[in-house]
Amino acid sequence: MKTAHMENTFARIWRLVESIPSGRVATYGQIAALLGMPRAARTVGWALHSLPADRSTPWHRVVGAGGRIRLPNHGGKAVQRLLLRREGVPVNRKGHIDLDRFQWIPQEPV
DNA sequence: AAGGTGACCAAGG
DNA sequence: TCCTTGGCCACCT
């Protein structure tokens with residue numbers, strides 16, 4: 001049944017992203033998988049794109065598969081790189097992040 | 001109610 | 001490594 005406690009997908013995505021600690025990153029596909037939608041990576045990207053301005057969600061901690069920044073060059077790519085570096089995550093000139101060292105691995109079930 | 005759209009992804013050339 | 005292609009899924013018209 002559809003009831004008030006059912007939260008829409010975007011809200012679930014935002015909330016999960018908000019649990020990624022500073023200094024770590026997750027991939028779009030990983031977020032989707034953690035929410036039980038292993039093939040909904042595009043939906044995660046869309047959810048972050050349409051993030052409400054008044055919500056402080058660390059959208060910059062979500063990157064593409066393999067640790068690549070997927071934002072368009074003029075769509076905040078430089079901002080994401082800056083925010084990540086500011087919290088200690090190295091991003092090389094090509095926008096690559098080393099997932100082996102910086103990927104968020106939740107210790108407790110989400 | 002059916003089709004368009006993305007801050008995706010994996011595989012292939 | 002870079003680009004293209006086909007598949008995907010939830011939200012919006």
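Protein chains get the first letters and strands the later ones, always in sequence-line order, with residue 1 at the start of each. Every value quoted in this text rests on a predicted model; they were computed, and no experiment measured them.
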Which nucleotide wins on minimum distance to the side chain of Ala65(A), given the candidates dT1(C), dA10(B), dC11(C)? dA10(B)

What contact category does Gly64(A) fall into here, base, sugar-phosphate, or nothing, at under 4.0 angstrom with non-hydrogen atoms? sugar-phosphate

In Å, rounded to the nearest 0.5 Å, how long is the span from CG of Leu16(A) to CG of Leu35(A)? 5.0 Å

Ignoring hydrogens and angles, does a donor from either the side chain of Arg42(A) or the base of dG7(C) sit under 3.5 Å from an acceptor on the other? yes

Rounded to whole Å, the CG-P distance (Asn8(A) to dC9(C)) equals 18 Å

Can you identify which nucleotide, out of dA7(B), dC11(C), dT1(C), has its nearest atom closest to the Phe10(A) side chain? dC11(C)

Looking across every strand, which nucleic acid part, if any, lies under 4.0 Å from Lys94(A) by heavy atom: base, sugar-phosphate, or nothing? sugar-phosphate

note: Trp59(A), atom CH2; dG6(B), atom P; distance rounded to Å ~ 18 Å

Write down the distance between CD1 (Ile13(A)) and C1' (dA7(B)), rounded to a whole number of angstrom. 12 Å

Say whether Ile69(A) and Val79(A) are linked into one hydrophobic cluster, either directly or through other cluster members, by side-chain heavy-atom distances under 4.5 angstrom. yes

Can you identify which nucleotide, out of dC9(C), dC8(B), dA7(B), has its nearest atom closest to the Leu48(A) side chain? dA7(B)

Can you tell me how far C1' of dC2(C) sits from CZ of Arg70(A), to the nearest Å? 11 Å

Of Ile97(A), Val25(A), Asp98(A), the one forming a side-chain contact (heavy atoms from CB on, under 4.5 Å) with Val91(A) is Ile97(A)

Find the distance His49(A):NE2 to dA10(C):P and express it as a whole number of Å. 19 Å

Whole-Å distance between dA10(C) C1' and Tyr28(A) OH? 16 Å

Have a look at Thr43(A) and say if it touches a base, only the backbone sugar-phosphate, or nothing, with a 4.0 Å heavy-atom cut-off. base

Does a side-chain N or O from Thr9(A) land closer than 4.0 Å to OP1 or OP2 of dC11(C), or not? yes

Output for pair (Glu18(A) CD, Arg61(A) CZ), nearest 0.5 Å, gives 10.5 Å

To the nearest 0.5 Å, what is the distance between NE2 on His96(A) and CG on Asn92(A)? 6.0 Å

Round to the nearest Å and state the distance from Met37(A) atom CE to dC11(C) atom C1'. 12 Å

Closest listed nucleotide, where the reference is the side chain of Trp46(A) and the choices are dA10(B), dC12(C), dC8(C): dC12(C)

Between C1' on dA10(B) and CZ on Arg68(A), what's the gap in Å once rounded to a whole number? 11 Å

Assert: residue with more 5' nearest nucleotide on DNA chain B, out of Gly66(A) and Pro72(A), is Pro72(A)

